[in-house]
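One structure is given below, encoded as structure tokens.
So that the names make sense, note that chain A is the first sequence line, chain B the second, and so on, each numbered from 1.
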Protein chains: 2
Amino acid sequence: MSNKPVSLKVLAAHLGLTVPTVSRALNGYADISPATRERVRRAADELGYRPNQNARRLSIGNPETVGYLMPRIGQSIAQPFVAQLLQGLGEALGKRHWDLLVSHAESASDELAQIEKLTRSGRVSGLVISRPLRNDPRLQLLQDLKFPFVVHGRTGSSTDYAWYDVDGEDAFVTSVNHLVGLGHSRIAFVGSPLQFQFAQDRLIGYERGMVVNGLTVDKDLIQIAEFSDDGGEAATNILLDLPQPPTAIVCVSDTMALGALAAIRGRGLRPGVHVSVIGYDGLQFGNHSNPPLTTMAQPQAHAGRRLGDMLMAIIDGDKPSKHQELQRAQLLRRMTDGPMHTAADQKLVSTREETT
Amino acid sequence: MSNKPVSLKVLAAHLGLTVPTVSRALNGYADISPATRERVRRAADELGYRPNQNARRLSIGNPETVGYLMPRIGQSIAQPFVAQLLQGLGEALGKRHWDLLVSHAESASDELAQIEKLTRSGRVSGLVISRPLRNDPRLQLLQDLKFPFVVHGRTGSSTDYAWYDVDGEDAFVTSVNHLVGLGHSRIAFVGSPLQFQFAQDRLIGYERGMVVNGLTVDKDLIQIAEFSDDGGEAATNILLDLPQPPTAIVCVSDTMALGALAAIRGRGLRPGVHVSVIGYDGLQFGNHSNPPLTTMAQPQAHAGRRLGDMLMAIIDGDKPSKHQELQRAQLLRRMTDGPMHTAADQKLVSTREETT
DNA sequence: ACGCTAACCGAAACCGGTTTCGGTGCACAA
DNA sequence: TTGTGCACCGAAACCGGTTTCGGTTAGCGT
């Protein structure tokens, strides 16, 4: 049908009115007679008029757009949660007809440059940051700029900004408790570099869980590796080579847990039987791993929605510190958590074929 | 440090020049003396000046922004490719400092409304559409609007627009060939509803592969189900219940293939031994399925980059039909393709534990 | 009949840039 | 010395909207 977008000017001309009048009519100002208002409305959607958002937003001084900085973590399978998070963000923003801009950087410094650019060029009214580091220069920069932002995750100094996070510490206490309940006592932790705040939180949760249950925290049972499936595999191999290997492993993420499973299987052992594994993230794919991965699940789309709502509220003037939400993760039992495998040398492998 | 963005006006005042002069100085016009140009440049990045992009783009009449419509496919694990695609798109756009806007709709009609809105409100200069339907109203609409767009995938009437696609037909011929080479002849197809063009393409590839190898296409061996892991599982169960069940299955996607694996294991059979399975997508997670999934791999980030470049070229004036790229998928052998399992009643299950 | 007020719309300014068009001042040639 | 031309910058118009401010007109009371 029609192709070129119709501007306010041609709409006004078409109606024999001036541009400002038409504008106010469409925006429901009181000083426009109900008659003309109706007339304008009708003509507007007859001609398929849509206000040019660039112009409108320039005028009202609000880009009505939120930027999301893609987490930048090597080539790993670290992004499965991004699609769901974006979906949730989009839903929240869509309710007010705001837009979602995604931006990804190539390096840490490039990331700061991106923030500089996005904030100062008036393209976004706020930013969403994922996976903060322990001392994150991005947050520092945004605070210096006094620019609205929310963090998906939180850091140590989390009092003065807005965040939504899943309580990783609590989740790992839960994981450890669960494993202890199954009879385990040599429980290991497979983690990612501690520069990520979440890695730190979850490690603390692990340690607290151990202490709470009267277990000693053996440094050998804490293995940090690259944040990827390969990293998880490598770390687990080190653990299994220990003189006294663990009978259960909690992993900082599902991706790393998948690597752990591979390492365990690689030795002819069966995850969930000889060595229990609990991941973290609740990836749907976990249903199809070998065997299906027990994990701490969490609603990513919900996170996106909340982050969007929080950010818009802050842009509207709310104090950031008013918006801090801690979500609890849920233990999702699948097949990799099992009772402590005592006796019987680990070389003895059950012949039962696992069935999903 | 500084917080409020500095406008051209204050920069000009600071320099004792007028706004247009400063603008032209920064944009390298010839009618500005080298001296002042340098002076302006220096002052600009001293004050941290960044042009307001909303204003700039309004003025130059180009939003310099590309919209991506999130594929809207139930709750399935269908989106793992999105993150990579977005990454690729972002890279391509970033080279020219364009922005990436993501938009997702809640229903098919909502999707059309979104397109209407995005195009007519001047927010984007072009759109990227994923997973076209066989007779896609979105493409129809965009063509009517004469609005620049590229399609990730293609439809039957694909001559008059731009697209990037992986040759699904060819890929499935390859899959079938490979399986025939392994001795299989009863090869089944697990597909998703044929409204998706890709589902159609791949089915045709399957059929062609069968014919090419002198095999008959048995309608019973073609099972269409919901596009999800559960759908794949259900379809596979139907296949395995056949009087003469298949010895190999090609699946329209990795997600559905994961369901197929579950169904096969559910009967005490071993994928890759008793029943071979080949997926499509090349998801990295396939490395961790049970057993690791053989699949037809493809570079999603590359797709994103190409789509971005193509779209910008079209917006610059290129004829869309000039930009049509067909990529070939690569057979990625993991563990679910194996030689035809003859003899021995399928009830007889090997006791060997699979090792990754 | 007059004034006052309220209803309604147009004029003008602005948001922050870009781009075209003129005009000044200087160097240069005649 | 006087034109001529060029280098350089400012004035003005524009992109497509929003919002404040004035000015008519009509309706009302008196």
Side-chain angles (χ1 to χ4, degrees), chain A residues 4-41 43-44 47-65 97 99 117-125, chain B residues 4-41 43-44 47-65 97 99 117-125:
Chain A
K4 282 305 152 204
V6 28
S7 74
L8 209 47
K9 185 154 61 175
V10 322
L11 179 56
H14 176 82
L15 284 164
L17 294 172
T18 67
V19 166
T21 301
V22 175
S23 171
R24 277 171 310 177
L26 291 174
N27 290 325
Y29 275 58
D31 63 347
I32 301 293
S33 82
T36 51
R37 187 179 314 168
E38 192 44 42
R39 194 163 69 96
V40 170
R41 289 238 167 94
L47 300 194
Y49 166 76
R50 305 265 178 174
N52 181 308
Q53 295 293 350
N54 265 340
R56 193 181 140 266
R57 289 165 175 175
L58 170 61
S59 187
I60 66 177
N62 184 351
E64 296 187 336
T65 299
H97 302 288
D99 286 331
K117 200 162 100 178
L118 284 175
T119 56
R120 307 190 89 103
S121 67
R123 264 183 299 200
V124 296
S125 358
Chain B
K4 282 306 151 204
V6 30
S7 74
L8 209 47
K9 186 153 59 175
V10 322
L11 179 55
H14 176 81
L15 284 165
L17 293 173
T18 67
V19 167
T21 301
V22 175
S23 171
R24 278 172 307 177
L26 291 175
N27 289 327
Y29 275 58
D31 64 346
I32 302 292
S33 82
T36 51
R37 186 180 313 167
E38 193 44 41
R39 195 164 67 96
V40 170
R41 288 239 167 94
L47 300 194
Y49 166 77
R50 304 267 179 173
N52 180 307
Q53 294 293 351
N54 265 340
R56 195 183 137 262
R57 288 165 176 175
L58 170 61
S59 187
I60 66 177
N62 183 351
E64 295 187 336
T65 300
H97 302 290
D99 285 331
K117 199 161 102 180
L118 284 175
T119 56
R120 307 190 90 103
S121 66
R123 264 184 297 200
V124 296
S125 357

Could you tell me from which nucleotide to which nucleotide of DNA chain D, 5' to 3', there is an atom under 4.0 Å from chain A heavy atoms?
dC15(D) to dC21(D)
Side chain to side chain, His97(B) and Gln53(B), heavy atoms closer than 4.5 Å:
no
Interface polar pairs with nucleotides 7-9 of chain C, N/O, under 3.5 angstrom:
unit_1, atom_1, unit_2, atom_2, d
dC9(C), OP2, Ser33(A), N, 2.9
dC9(C), OP2, Thr36(A), OG1, 3.0
dC9(C), N4, Asp31(A), OD2, 2.9

With nearest nucleotides of DNA chain D determined for Ile60(B) and Arg56(A) from heavy-atom distances, which residue corresponds to the more 5′ nucleotide?
Ile60(B)
Between CZ on residue Arg37(B) and CG on residue Asp31(B), distance to nearest 0.5 Å
8.5 Å
In terms of the nearest nucleotide of DNA chain C, which residue is placed more toward the 5' end: Ser23(B) or Val22(A)?
Val22(A)
I need the Arg24(B) CZ to Thr18(B) OG1 distance, nearest 0.5 Å.
6.5 Å
At under 4.0 Å between heavy atoms, what does Pro51(B) touch on the DNA or RNA strands: base, sugar-phosphate, or nothing?
sugar-phosphate
Remember a base hit wins even if backbone is also touched, and classify Asn27(A) as base, sugar-phosphate or nothing at under 4.0 Å, heavy atoms.
sugar-phosphate
Can you tell which of Asp99(B), Asn54(B), Thr65(B) makes a side chain to side chain donor-acceptor pair (under 3.5 Å) with Arg123(A)?
Asp99(B)
Is there side-chain contact between His14(B) and Val6(B), with heavy atoms separated by less than 4.5 Å?
no
Lys117(A), NZ atom: more than 12 neighbouring heavy atoms under 6.0 Å
yes
Base-paired stems in DNA chain C, each at least three Watson-Crick or G-U pairs under 3.5 Å:
C:1-30 with D:1-30
Keeping Asn27(A) on the side-chain end and Tyr29(A) on the backbone end, is there a donor-acceptor pair under 3.5 Å?
no
CZ of Arg57(A) to OG of Ser125(A), rounded to nearest 0.5 Å, is 8.0 Å
Is any side-chain heavy atom of Asn52(A) less than 4.5 Å from a side-chain heavy atom of Pro5(A)?
no
Side-chain contact test, heavy atoms from C-beta onward, threshold under 4.5 Å: evaluate it for Tyr49(B) versus Leu26(B) and give yes or no.
yes
